[in-house]
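Numbers restart at 1 for each chain; the letters A, B, ... are given by sequence-line order, proteins then strands.
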Amino acid sequence: MNKIPRFVQLTASCATLVFLLIGCGERPQTARPPAHAQAPYKGTSSHFVAPGWEQGNKASWESQLRSRMQNTQNEYSKVH
Amino acid sequence: MLLTKKTTDRVAQHAASSSFIAGLQRGLSNALPTLDRRHFLRRSGLGLGAGLAASQLTLVQKAAASTSAKAGMGTSQVHVRRTVCTHCSVGCAVDAVVENGVWVRQEAVFDSPINLGAHCAKGAALREHGHGEFRLRYPMKLVDGKYQRISWDTALSEITEKLKALREASGPDSVYWIGSSKHNNEQAYLLRKFVSFWGSNNCDHQARICHSTTVAGVANTWGYGAMTNSYNDMQNSKAALFIGSNAAEAHPVSMLHMLHAKETGCKMIVVDPRFTRTAAKADEYVRIRSGSDIPFLFGLLYHIFKNGWEDKKYINDRVYGMEQIRAEVLAKWTPDKVEEACGVPEDQVFKVASILNAHRPGTVVWCMGQTQHTIGNAIVRASCILQLALGNVGKSGGGTNIFRGHDNVQGATDVGPNPDSLPGYYGLAEGSWKHFANAWGVDFDWIKGRFATPEMMSKPGITVSRWIDGVLEDAEQIDQNSNLRGVFFWGHSPNSQTRGLEMKRAMDKLDLLVVVDPYPSATAAMAAMPGRAEDLNPNRAVYLLPAATQFETSGSCTASNRSLQWREKVIEPLWESRSDHMIMHQFAEKLGFANELSKNYKMQSVKGMQEPVPDDILREINRCVWTIGYTGHSPERLQAHMRNMDRFDVKTLKSKGGIDAVTGYDLGGDYFGLPWPCYGTPEFKHPGTPNLYDTSKHVMDGGGNFRANFGVEREGKSLLAEDGSHSAGAEITTGYPELSAKLLQDLGWWGELTDAEKVAAEGKNWKTDSSGGLIRVFMKNHGCYPFGNAKARAVVWNFPDPIPQHREPLYGNRADLQVKYPTHEDKKNFWRLPTLYLSVQQKNIADKIHEKFPLVMTSGRLVEYEGGGEETRSNPWLAELQQEMFIEINPKVAAEKGIRNGERAWVSTPTGARLNVQALVTERVGPDTVFMPFHFSGRWQGADMLEHYPKGAAPIVRGEAINTGTTYGYDSVTMMQETKTTVCNVEKA
Amino acid sequence: MARMKFVCDTERCIECNSCVTACKNEHEVPWGVNRRRVVTLNDGVPGEHSISVACMHCSDAPCMAVCPVNCFYRTDEGVVLHDKDVCIGCGYCSYACPFGAPQFPSQGTFGVRGKMDKCTFCAGGPEDNGSEAEFEKYGRNRLAEGKLPLCAEMCSTKALLAGDGDVVADIFRTRVVNRGKGAEVWGWGTAYASRQAGQPNVATEPKGEKP
């Protein structure tokens, strides 16, 4: 009886195992915004934009949001 | 509590299963539950959002001419109008963003020191007022049981003709004017003036059935009948006792300050028959029997006196009659009696008393849980006495923080249509009338001539709580010439009043019913619904007039903490609605006294018609309402405050300084909204009073002391404050009486008046000196308080129970206690009407009402709705959250009655009313009590009233009104209705 | 860039539903669609707590993992959004979501029948910021206006916090220090990967004296 060489057997089961494990593993979620989507820091062209930051400037937008958060959601920043 | 959303059972189910299954269940239930209800609200086009709303509006708003489909996208110029939420007394500021005349966005005002941008469900849904889909759109008249559209001209002419005929036949007192706590100050004041010129004192408003007992009880204790401190000041409290207040639902934004205080160490105690959402946040919850507040409060005092925890120096210096209270409490309210009467065991009462002792200053908060009882005036005074014993009044962090209800119920009480006073609580004596005749620029004798007789001028009118008896009572029993034959519902919900079955009869008997309201539908449907044939007056005429909301006009409103805020007009009046002051002016024109009414006001054009300028009405108020210091609130000052909210400290409300860019006004030293009293003229620049009776501050910095309003001596004891007890920096360091020209002369300070002031002030006192000179000299030059410096009264000898007495309600489920603590004797003539107490109570005991109706029925608020609820139930964003009228039943009772959660139940009451409601089985209520919210109307004893509504103006959600079934019973001082303790039975439907 | 987070402080939430109506108001969300809701545990008995729930904008979003058409995406700020033009309305995401966030209105989703709708963290969708097309499908885009989600900005007791996760943690830390007890806040563990759900991890644990 022809025996399948041991190393072939081993390789095959290893490969199967790896394959199976890949199936169980976690894929990192890499879904990116569609190419045409605009980042929020770009602002909008409407008159609704809050004053005090420069549209299109990412750092300005980030700092606007941070300071707005302290002003709007943290009463400890106003009361001690 | 939200039937449509969840119950304990569903939560338990979720907890038991895996998160995946739970998520699955929730996902499915979320997708399905309310969709079948959508058929009546096909807002499918609402996908277009504001675009749709805008196009709807433009159909009627020809003036706006907003043809752009892009309205609401911010592509054209937008305007930000600063206004104030109209749904409760907290006074949350709102920035309304308007584009092309349409209210397209709503932004929070983070700079507001009062709400810091926060809102409850109602405030966050405010912009819906810009849609107004379910509003009354044009005047209507009831013809053969259906409402028909008529023109404004026809409506005004026909109503005026009928008014004149009633006046001719039965005198001016045959018409009753129910004003509104949702009018702004200017409108409320103008309505009192209007009714005076009509020639009657028969006018009243929501405050009667809201906090009238507070106003009377508290004012008689220490001076002014208002919240002593502020929502903000609760951040300084070390303890807070909520008794009869469910702030988490009724005043949610107050909880921002409360929970902040709790985080910094304040102990929060909630006393209520119901485990409310406020109780859920408390350190200690105490369940009492409904209406047993006095036994509980005096139970606390028992431990306080017993352990010597009272503030002895404070009591000696500033309180009259505490020793009598002490003797009564120690003798009568021993722990066994307390437990018997209110159901709270000694150790818990002691625990609460110890918390109050150890954590000072502490505040006491109450609302309608205390006020709406036959003994409301006594209950609120018991709360005041507790605070006086602890030395907590007149201190930051202390006080009695009495949360008012409607957005301007405080202001409407202060300057609006009250049957027993003129604006500013000036009585009805001839001197007051002359003071106002002078301010109004009309002849006193002309006003006198408008009344039926001169005596009627000084006789307090019927209260709103009793107008139905003014119609139904035998004419001989009423202390006026005629029954009431005409009623104006000018911004008032009928379902907020007790005895609904009798109200329906009264409505049918009237000759004239006029409803002026943006949402007049509850009254409209009730009037149109067929009643008993024998009650119907064949000549009855019913009219509906569409009023504008507060977002469609400008004006000031007074928050619960006495701060005034100015609302800018957001949008033009929707549909055919007109502002209330325009309607008043137009009626005055037809009745022939428009020149007198609007004499002092410039007129402005709105939608092509003339109306008085609100700013001018406020200026007139400034010139005459000296008693409570509404004189410093010029529109310019209020508007400057609204523009510079960020300049005010959140904890103290005090301005850190700053100049208003528009007017150059210096804000320095002002307290936000100039909380009244803001004495003297606007130029005098009194900063307002953040905490009343606070002796730690100078009078020119908002300090003060208790009022000398009850004489200077009683039974040989001085009523004035003891030596050394006075506001900081006062030159008079003893107690002193109220300021008059004579006092100023006696003190040798008369020479400090200018010559012009001397002329105006001669023979006058601080309340009638139109120059403000007396106040100027007394306060600014000498640091003294215009209303004197006296002691607070723990014993109010002019009330039926000088020492607050516990008395059981007329309808109760404890006959044994009713015998022990009986109610008052009947009164023959009380606010023009016979008023029954003991005879009703004894009959109920004899009839064994407690066996037929074994459950205490009480009522309260839901966060999503306000008042009678027609306005908020017409707002889809709110209505979706509370779609069913319900009754909370304890599981034990539910099991006995065989009622399951979510099933229908019949609630029957001693009046014969039967209400069909959904059962919510919950341990929120104890086994002896059931609870129902009071915001519903539109279903009547099981039947939908939809067909009786004016077409298109029915609210989205309709339900049984609890007050269809509530019973008789009125406070012995103010005629407050008893709603919080009555009885019912519940059966499975 | 910071990651946007929601956290609801259950010690503060009083179930007033302002977050729910603020959302309806801002985005004109139709009747029957609830991007946000308030859930109460132990309703009516001691221990009652309420939490405001919407899409939690998960770091490892189950909806994204299971969506057969890959309509979901995550922005640089960590906001999980979806493209309604791609969505087929299959509802699979609602099975996966532990919070019941995805909504399936019967009468068109903001103009497009049968599409899933959910909280966008007030960040709109793939259309141009603040455009009419974006508004019709997803509502307002407050982030692009330099604002934060209106539900949190209008919260009656500032229980609901929304914004940069680091600032959320800062604000929350102050409260914990004042209360003198740990974070009994719901969602904390999920959002901040603490050792034990409901307890702050070492990095966010309060340090030092009361401010």
What residue in B/Leu126, B/Leu878, B/Val863 has the most heavy-atom pairs under 4.5 Å with chain C?
B/Val863

Flag, side chain of C/Lys5 to backbone of C/Leu161, donor-acceptor distance under 3.5 Å
no

Judged by atom type as modelled, is there a donor-acceptor pair below 3.5 Å linking the side chain of C/Glu127 to the main-chain atoms of C/Glu134?
no

Check: B/Arg287 side chain, B/Pro273 main-chain N or O, donor-acceptor pair, under 3.5 Å
yes

Looking at residues at least two apart in the chain, or sitting in another chain, which of them share a ring-ring contact (aromatic ring centres under 6.0 Å, His included) with C/Tyr92?
none

Ignoring hydrogens, what is the shortest heavy-atom contact between C/Asn141 and C/Asn129? Give both atom names and the distance.
ND2-OD1, 3.2 Å

Among B/Ala121, B/Ala118, B/Gly117, the residue with the most heavy-atom pairs under 4.5 Å to chain C is B/Ala121

Residue among B/Leu256, B/Asn875, B/Val253, B/Asn115 with most heavy-atom pairs under 4.5 Å to chain C:
B/Leu256

Looking at residues at least two apart in the chain, or sitting in another chain, which of them share a salt bridge (charged side-chain N to carboxylate O under 4.0 Å, His left out) with B/Glu923?
none

B/Leu116, part contacting chain C, at a heavy-atom distance under 4.5 Å:
both

Is it the backbone or the side chain of B/Ala879 that comes under 4.5 Å from a heavy atom of chain C, or both, or neither?
both

Contact origin within C/Ser131 toward chain B - heavy atom pairs under 4.5 Å:
backbone

Contact winner vs chain C - B/Lys262, B/Met255, B/Met258, B/His257, heavy-atom pairs under 4.5 Å
B/Met255

